[in-house]
Amino acid sequence: MPRGQSSSMSTREKPKVDQAVDPNEDNRKHRRGAYLLLGLLIVFLHGSWSVYRIQFGNLPLPLDSKQAGKRGFSEASALEHVKYLTSLGPHPVGSDSLDLAIQYVYAVAEKIKTTAQWEVDVQLELFHTDIGANRLSKGLFKGKTLLYSDLKHVLLRVVPKYMPEAEENLILVSSHIDTVSTTEGAGDCSSCVGVMLELARGVAQWAHGFKSGVLFLFNTGEEEGLDGAHSFITQHHWRNSVRFAVDLEAMGISGKSTLFQGTDYWALESFAAVAKYPSAQIASQDIFRSGAIKSATDFQIYQEVGGLPGLDFAYTDTTSVYHTKNDKIKLLKPGSLQHIGDNMLAFLLHSAASPNFLKNAQQQKQENTEQNKAVFFDILGKYMVVYSQRLATMFHNSIILQSLLIWGTSLLMGGCSGLVSFGLSCLGIILMLIFSICLPVVVAFILPHICPFPVPYVANPWLIIGLFGSPALLGAFIGQHIGFNLLKRHLRCVYSRTKPGLTHNTREYVIDLEAERWIFKSGFVQWLIVLILGTYFKVGSSYIALIWLVSPAFAYGFLEATLSPVRLPKQLKVVTLVLGMAAPVVSSAGLAVRMADVIVGSIVRVDRNPGGLPDWLGNVIVAVAVAIVICFMFVYLLSYVHISESGDKRTLGLLLWIFFGLSLALVTSGIVPAFTEDVARSVNVVHIVDATGIDDGNREPLSYISLFSNTPGKLTKELVDLGDEEFFCGRNMTTDFVTFTMKYGCWSYKDSSTGWSKSEVPTLRVESDSVTDSARQTVISVDTKSSTRWSLGINKQEIDDFTVQVDSEKLVLLGDKTEVDGWHTIQFAGGKNSPTKFQLTLYWSNTATKTSRREAKEASDVPLLVKLRTDVNRVTPQVTNVLEKLPRWSTPFGKSTSPYTLAFLTDLPVNIFRQ
């Protein structure tokens, strides 16, 4: 990284002006015009978009069965499976439609078995699980115990006939048949099931040469908390033969199925070697594992419970449709299934036939997993780069040390004036970040007050370029320009002292050039800091910082740097910017666009407790993300703007304001809708039967229709179409759903007494309450009546521990109970034959009684000991009526913690034990 040279020149030496600037020429000829700057901006933006389209939008041509042949992968064949599964509508655990889906998958698997190559042994099994408990405690599972029962999975094992050892060394390929109750699940994950069935057909024609077998697991219960994978890995007799796991998932619909989690270098290298259309991003793994994305996949079970190495793939296109009615087959892009099918078939054929792959998988558990970690990413969807984390750390440390050495030497030679210039250029970085964040954040706060919806860009994500990108870019320039002017003030003092022989015009121009170079080089410092932090915390995606540091620095050193201590600075060449930015844009611009799209799509479900977040928060998240991307990606480009004419800078600023104004006009006027039928707002309709606070059973439960949204904003627009349904809304309409709390919503009592019966109301009955050896123990019987899906909260401020028992079998033992906000939640999901009666034994805290009495006196609300919600997958007449009247741009959103359309609530207060 070259240093600034101006301050070290002797005052007695005549500057070599003829080599740098011509004092007789008008300096304005050398200043960059608005057209050049605008052209550079357009080239940068167009290049970034082109990289995104090539990397994430370039899908292979789909093949029919004839084109694919008997041993190839056909998207047309896989799509037939997807069409049938989606035609069943939503098929959650316990539904009739899921039974039909399982029967279909089993029937197709039987056909695969009968048509397999004669030297291949195919075994098919319909696995019916026992009752079980999932005790994961990390991430989304903190403060939870997940119970399941009566789940059914289809297993298809493909092994060579004459190699019995292959039966003991299986590669697991897994996905789930079930969906949430709000979607037909074309993307999540009927597409995965269709791909797996077609993969199984192809593998059954190749497996006679395998060293390992391939086990296809079509599980159910994934949407209820990864129950299907957990039941397999803890109960099935083939589980101990599995050596490697591949999970297929979806967080959107279609596009490229990206490898976003991988455990080991050797596995990633094997995939990279054979994948036809590699799509892999360790940045996605970093973000997913950080908890920024509130989700989990079966891969977590295979890794944490099974201790298996593996790979995790997911669709991430159009994440706004995730778990909504719009996860439908018409949005499935042609080529999506062909992409993952060709990649996975090549990988399975390679890994199952390789003795080295099997050996590595067997040794993985015995070695230090830190040594097997790897960095991985693809380049334009054509090539995949994989190297070990140890090599990355060594290489990063080398670059960091060299950079620090060069900067240290440069600052030492530059003396005090060079150190001050360095500090002011770093101040420019800070100011750029501050101003770039502040301006779009102001817009983010204003939008909810002037737009029909707080997040008016979800259906048209390109609007964030104008709404947040323009203010962020303008703010970045303002902040950097302040640093540029401070640098000029300092350099004037330096040049007036060291180069008094220069004319005023020449000196001012040279000072501009010197300041420009310092601002350009401040980008090196910015990315060097990111590289240091990423390397220290072992962030896999630190390679991005490495490329953004090394490539521009190399271009600068090759085209701009000089070793002459007396030579005046020249204007930065445009070719320096173009060459320096080429590699960074190719390596990360597409990823930046994809991440922005995922963040925008996730806004529709950001409010996990409806009404619990401010309306502006989603906008602020998007605004800050856009500002950070602009600060880091535009730092070099913006340094070329400062020495242009004031009129040219005003022209560029005006264009940014015009683009911002047009975008704002489009969203405030409603010309561009915030939501559409295909990209809809989350709105849930639930018929609630509330029996909370009823101790004797003589009082009738309260029944009403509840309306709430996980998308920021009030339900004012929706109520326009529901005017005759007598809804009233507000923040006093609070409902505790056990797994979350509705803090803003709407209620209606109209016609809510039909569609349910009192016999369906669950009961919590105290069987015994005793004190032995100063320890209090309470036994409660839980009867969920007709419901096989329920959530029960236990007050951990009152209760130290608990057990759960069904008949004579203890499902949940004592110990290892985490909590969130003072509560531990038990979630149960099962098939039609699941038990509905449980015994809950509570072990009280020694300080519970004292604390609770004080709270009972001070608080107006009586504290609860246990609260229960049971769900019934039935649409009551009034819910049907409301759903039909809702706008087409609204849709129910489902997840493992969401209630079905009919929910029953009951509880036990603490003071019931003190009467």
Participant: Any side-chain heavy atom of V193 within less than 4.5 Å of one from L85?
Facilitator: yes
Participant: Do you know the tightest heavy-atom contact between T739 and R869?
Facilitator: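 Distance-wise, the nearest heavy atoms are OG1-NH1, 3.0 Å.
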Participant: Output the distance between atom OG1 (T735) and atom CG (D690), rounded to the nearest 0.5 Å.
Facilitator: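 Atom-to-atom, T735:OG1 and D690:CG are 7.5 Å apart.
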Participant: Just verifying a value: how many Å separate T318 OG1 and D327 CG, rounded to the nearest 0.5 Å?
Facilitator: 10.0 Å
Participant: Does the Lys NZ or Arg CZ of K144 fall within the cation-pi geometry relative to W823 - under 6.0 Å from the ring centre and within 45° of the axis?
Facilitator: no
Participant: What side-chain hydrogen bond (donor to acceptor under 3.5 Å, both in side chains) pairs are there with at least one residue in residues 287-304, not counting sequence neighbours?
Facilitator: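 The answer is S174-Y302, N219-D298, Q261-R289, T297-D312, Q300-E304.
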Participant: So, using ring-ring contact (aromatic ring centres under 6.0 Å, His included) as the criterion, who are the partners of F737 when residues are at least two apart?
Facilitator: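 With sequence neighbours excluded, F737 shows a ring-ring contact (aromatic ring centres under 6.0 Å, His included) to F708, F740, given in chain and number order.
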Participant: Side chain of S191, backbone of G187: donor and acceptor closer than 3.5 Å?
Facilitator: yes
Participant: Y322 vs F893 aromatic rings, parallel, tilted or perpendicular, using cut-offs 30° and 60°?
Facilitator: tilted
Participant: Considering only NZ, NE, NH1 and NH2 on the basic side and carboxylate oxygens on the acidic side, decide whether K867 and D907 come within less than 4.0 Å.
Facilitator: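 Looking at K867 and D907, the cut-off is not met.
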Participant: Mind checking what makes side chain to side chain contact (heavy atoms under 4.5 Å, CB included) contact with Q235, not counting sequence neighbours?
Facilitator: F127, T129, D130, Y148, S231
Participant: CD/E125 to CG/L217 distance, rounded to the nearest 0.5 angstrom?
Facilitator: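 One finds 10.5 Å between CD of E125 and CG of L217.
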Participant: Please tabulate, for the side chains in residues 799-809, all donor-acceptor contacts under 3.5 angstrom to protein atoms that are two or more places apart in sequence or on a different chain.
Facilitator:
residue, atom, partner, partner atom, Å
D801, OD1, K817, NZ, 2.8
D801, OD2, G815, N, 2.6
Q805, NE2, D807, O, 2.8

Participant: Within the 4.5 Å heavy-atom criterion, are N795 and V866 side-chain neighbours or not?
Facilitator: no
Participant: Assess the pair F218 and Y106: is the distance between their ring centroids shorter than 6.0 Å?
Facilitator: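 Centroid distance F218-Y106: not below 6.0 Å, so no.
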Participant: Testing I131, V93, N833 one by one against S149 for a side-chain contact (heavy atoms from CB on, under 4.5 Å), which residue passes?
Facilitator: I131
Participant: For residues 899-906, please give each side-chain donor-acceptor pair under 3.5 Å, one per line with the distance, not counting sequence neighbours.
Facilitator:
residue, atom, partner, partner atom, Å
T901, OG1, R874, O, 2.7

Participant: Just how far is it from atom OG of S706 to atom CG of N684, taken to the nearest 0.5 Å?
Facilitator: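 Separation between the atoms: 9.0 Å.
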Participant: Can you name the salt bridge (charged side-chain N to carboxylate O under 4.0 Å, His left out) partners of D247, sequence neighbours left out?
Facilitator: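 None.
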Participant: Kindly compute the distance separating OG (S95) from CG (D178), expressed to the nearest 0.5 Å.
Facilitator: 8.5 Å
Participant: Does a side-chain N-to-carboxylate-O contact under 4.0 Å join E767 and R765?
Facilitator: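 The answer is yes: the pair qualifies as a salt bridge.
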